[in-house]
Amino acid sequence: MYDMKWIRDNPEAFDTGLKRRGLEALSSKILEMDKEYRAMQTAQQELQSKRNALSSQIGSVKKQGGDVEAIMKEVSEIKNKMADMDEQVRQKGLEIFETLSALPNTPDASCPEGFDDKTNVVIRQVGQKPTFGFTPKEHDELGFGLGMMNVEQAGRVSGARFTYLKGPLARLERALGQFMIDLHTTEHGYTEMEVPLMVKDDAAFGTGQLPKFREDLFQTTNGFWLIPTAEVSLTNYVAGRILDEKELPIRVTALTPCFRSEAGSAGRDTRGMFRQHQFYKDELVSIVAPEKSFEELERMTKCAEEVLQKLGLAYQVVCLSAGDMSFTSHKTYDLEVWLPGQNKYREISSCSNCGSFQARRMDARFKKNGEKGTQYVHTLNGSGVAVGRALIAVMENYQQEDGSIVVPEVLRPYMGGLEIIKPIK
RNA sequence: GGAAAGGUGGCAGAGUGGUCGAAUGCGGCAGACUCGAAAUCUGUUGUACAGCAUGUCUGUACCGAGGGUUCGAAUCCCUCCCUUUCCGCCA
């Protein structure tokens with residue numbers, strides 16, 4: 001959500017931001033609406049002021065036993081005008097709100113130009129891609145070969161984009177999740193949270209899923225939204241609050257299932273469990289003072305990278321181009337992990353600095369020591385990392401010619417010491 | 001799910017139709033006293049928006065949320081949300 005004052009002061013920057021997102025300039029239209037709105041508001045307030053003055057006059061005149069007929073008549077005339085005025089102000093306010101709440105965040109100056117992944121810029125590549133003396137398989141083939149992944153039966157039970165995992169492979173996924181959250185809580189200063197998986201409209205609006213992306217979400221019959229990411233619950237932890245400067249930065253993490261309808265991605269990544277309606281993810285969220293958010297984005301990205309490094313996975317860090325970022329983001333780094341079976345780098349994490357965009361939507365502010373007034377916090381979120389995709393990456397990178405999977409060192413304590421996952425005979 | 005009681009400023013808590021943005025206490029901040037601190041005393045202390053005369057300015061709104069009644073609502077009515085207690089059900 002944009003700050004109208006900022007648009008007033010920076011109409012060109014606002015339009016440039018929209019343009020870089022592939023949208024047309026709107027500043028003149030919005031500022032026109034704003035001007036009308038404020039004029040209406042002023043008129044409305046004058047009427048209210050008059051009414052208040054007369055009303056309190058009625059009180060005191062009555063007390064002295066005077067006649068209030070004339071004053072009451074005057075007030076009722078004002079009231080008639082007010083009803084009209086109120087409605088106009090309400091309409092205009094709503095129009096502005098709806099316009100603004102549908103606009104994506106401004107890209108940072110450092111984001112590359114472009115509207116899709118073709119223009120994204122690789123910042124660094126880390127780790128060694130494994131070499132194989134055979135043609136590496138994709139994860140679904142490996143899982144099937146192990147006898148521990150069943151998409152077909154999941155299809156019968158739940159439809160497309162669901163998977164059964166079994167035995168050691170199921171445990172490997174759980175091990176990955178545990179490993180990640182332990183790493184972030186013990187080494188990266190994040191506090192573990194257990195969060196609601198179902199949220200109300202306001203929460204989904206706050207993090208930017210609503211109103212524009214409702215078709216991407218699942219909703220229960222009584223109106224709850226299933227979280228598509230723990231970002232929603234974690235970030236809304238500060239919704240509607242005025243924090244003390246001392247409380248910042250807030251760094252929280254949660255390992256949760258995520259639910260996504262994947263509307264609009266029909267036919268994409270239909271093999272295996274790369275793109276599911278339901279998957280685990282360890283999410284990182286930071287709530288920081290405005291001047292700290294860029295530094296925090298680098299830090300958060302490093303925390304996510306560390307997961308891949310410890311797992312011995314090769315990856316690249318990509319800076320998303322202005323038009324390829326999510327709705328709420330001001331600047332985003334994606335981590336793309338090397339998948340030998342697919343012979344490609346694929347997204348496994350996305351770390352975003354949302355600036356005050358979400359904070360404004362959810363009204364999350366903080367107070368600076370000794371200063372008057374409040375400021376909006378900056379919010380950041382990042383996957384640290386997607387567990388299902390990490391499982392895919394481990395399977396593909398650690399596969400052996402016979403289809404077995406070597407368990408990465410760091411996961412063995414979580415696997416009861418198991419070193420290799422062998423096919424069920 | 002049923003019944004009851006509630007939701008007021010950072011916290012506690014008063015206020016049940018008019019001078020109430022709201023008593024009082026605690027806390028916070030500033031000052032006095034003190035070598036310093038504690039105690040004590042004095043003052044001060046919400047947020048957002050609009051306006052211009054840009055000010056220790058004026059106005060408007062906000063007492064869970066949204067509607068309604070009224071000249072006037074923290075106060076009355078309706079709906080919803082949430083909390084607490086009891087009962088029922090339940091992983």
Side-chain angles (χ1 to χ4, degrees), chain A residues 1-9 30-101 194-206 210-211 219-225 233 236-248 250 256-257 356 359-377:
Chain A
M1 180 72 89
Y2 283 88
D3 176 13
M4 187 58 89
K5 258 187 253 159
W6 182 82
I7 301 177
R8 258 179 241 149
D9 296 340
I30 287 174
L31 290 177
E32 186 53 39
M33 287 197 284
D34 178 48
K35 213 170 137 188
E36 290 170 31
Y37 178 66
R38 283 193 291 162
M40 287 175 188
Q41 221 177 335
T42 304
Q44 181 194 35
Q45 288 182 3
E46 270 165 25
L47 286 176
Q48 286 170 332
S49 182
K50 235 187 261 178
R51 179 207 55 190
N52 290 347
L54 290 172
S55 287
S56 68
Q57 224 180 334
I58 291 175
S60 50
V61 170
K62 257 188 176 170
K63 241 177 217 166
Q64 291 159 13
D67 183 23
V68 292
E69 272 306 307
I71 309 176
M72 280 177 73
K73 205 180 153 202
E74 201 178 336
V75 178
S76 72
E77 272 164 29
I78 291 174
K79 263 194 83 180
N80 288 339
K81 278 193 226 158
M82 274 178 67
D84 247 28
M85 206 68 233
D86 289 350
E87 182 55 21
Q88 277 185 49
V89 170
R90 204 186 63 82
Q91 283 292 344
K92 189 56 76 175
L94 195 67
E95 192 186 331
I96 291 173
F97 177 80
E98 277 171 0
T99 306
L100 290 185
S101 63
E194 176 71 28
V195 301
L197 304 181
M198 299 187 279
V199 299
K200 297 195 284 190
D201 289 9
D202 285 352
F205 178 85
L210 294 183
Q219 190 171 30
T220 67
T221 51
N222 55 349
F224 287 117
W225 301 97
S233 310
N236 275 286
Y237 188 60
V238 296
R241 289 164 62 181
I242 300 176
L243 302 161
D244 196 290
E245 189 182 18
K246 290 194 290 272
E247 296 176 71
L248 304 179
I250 292 173
T256 71
S356 57
R360 212 169 277 115
R361 292 171 88 91
M362 64 175 71
D363 195 25
R365 292 169 287 166
F366 77 105
K367 215 179 179 88
K368 274 207 164 169
N369 272 340
E371 276 183 34
K372 272 215 143 199
T374 56
Q375 290 183 50
Y376 287 103
V377 296

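In what follows, chains carry the letters A, B, and so on, assigned in the order in which the sequence lines appear, proteins first and then strands, with residues in each chain numbered from 1.
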Give the residues of [range] touching RNA chain B, defined as any heavy atom closer than 4.0 Å, sorted by residue number.
range	value
residues 49-58 of chain A	A:Ser49, A:Arg51, A:Asn52, A:Ser55, A:Ile58
residues 69-84 of chain A	A:Met72, A:Val75, A:Lys79
residues 30-42 of chain A	A:Arg38, A:Gln41, A:Thr42

A quick test of your reading: do over 12 heavy atoms of other residues, nucleotides or ligands sit less than 6.0 Å from [atom1] of [X]?
X	atom1	value
A:Lys92	NZ	yes
A:Glu77	CD	yes
A:Glu87	CD	yes

If you compare all heavy atoms of [X] against all heavy atoms of [Y], which two are closest, and at what distance to 0.1 Å?
X	Y	answer
A:Pro211	A:Ser101	CD-O, 4.1 Å
A:Val75	A:Ser55	CG1-OG, 4.4 Å
A:Ala43	A:Met85	CB-CE, 4.0 Å
A:Asn236	A:Gly206	OD1-CA, 4.4 Å
A:Leu47	A:Ile78	O-CG2, 3.9 Å

message = Strictly distance-based, threshold 3.5 Å: is any side-chain N or O of A:Thr99 a donor or acceptor partner for the main-chain N or O of A:Glu95?
response = yes
What is the distance from [atom1] of [X] to [atom2] of [N], rounded to the nearest Å?
X	N	atom1	atom2	answer
A:Asp86	B:rG68	CG	C1'	14 Å
A:Asp363	B:rC49	CG	P	10 Å
A:Lys62	B:rU19	NZ	P	14 Å
A:Leu47	B:rC71	CG	C1'	15 Å
A:Lys92	B:rA50	NZ	C1'	17 Å
A:Arg365	B:rG46	CZ	P	14 Å
A:Met4	B:rA48	CE	C1'	15 Å
A:Phe366	B:rU47	CZ	C1'	16 Å

If I pick the [atom1] atom on [M] and the same atom on [N], what distance separates them, to the nearest angstrom?
N	M	atom1	answer
B:rU47	B:rA22	C1'	15 Å
B:rC63	B:rU8	C1'	4 Å
B:rA65	B:rU24	C1'	29 Å
B:rA4	B:rG88	C1'	15 Å
B:rC11	B:rG27	P	16 Å
B:rU58	B:rC52	C1'	9 Å
B:rC71	B:rG66	P	23 Å
B:rU45	B:rU84	P	35 Å

Per [X] side chain, nearest of listed nucleotides [options]:
X	options	answer
A:Lys5	B:rG18, B:rC49, B:rU47	B:rC49
A:Lys200	B:rU60, B:rU47, B:rC81	B:rC81
A:Arg8	B:rA48, B:rG46, B:rA50	B:rA50

query = So which one's nearest nucleotide on RNA chain B is more toward 5', A:Phe224 or A:Ile242?
reply = A:Ile242
ask   = By ring-ring contact (aromatic ring centres under 6.0 Å, His included), which residues pair with A:Tyr37, not counting sequence neighbours?
value = none
query = A:Thr374 near the nucleic acid: base, sugar-phosphate alone, or nothing, with a heavy-atom cut-off under 4.0 Å?
reply = sugar-phosphate
[atom1]-[atom2] distance between [X] and [Y], expressed to the nearest 0.5 angstrom:
X	Y	atom1	atom2	value
A:Asp84	A:Met40	CG	CE	11.0 Å
A:Leu54	A:Lys79	CG	NZ	13.0 Å
A:Gln57	A:Lys62	CD	NZ	13.5 Å
A:Glu46	A:Gln44	CD	CD	11.0 Å

query = Which residues satisfy the salt bridge (charged side-chain N to carboxylate O under 4.0 Å, His left out) test with A:Lys246, sequence neighbours excluded?
reply = A:Asp244
ask   = Name the stems that RNA chain B belongs to, where each is three or more consecutive Watson-Crick or G-U pairs with both distances under 3.5 Å?
value = B:1-7 with B:81-87, B:10-12 with B:24-26, B:27-32 with B:40-45, B:46-51 with B:57-62, B:64-68 with B:76-80
request  = Classify the side-chain pair A:Arg360/A:Ser356 by whether it contains a donor and acceptor separated by less than 3.5 Å.
outcome  = yes
request  = Verify the contact: side-chain N or O of A:Arg90 to OP1 or OP2 of B:rG66, cut-off strictly under 4.0 Å; return yes or no.
outcome  = no
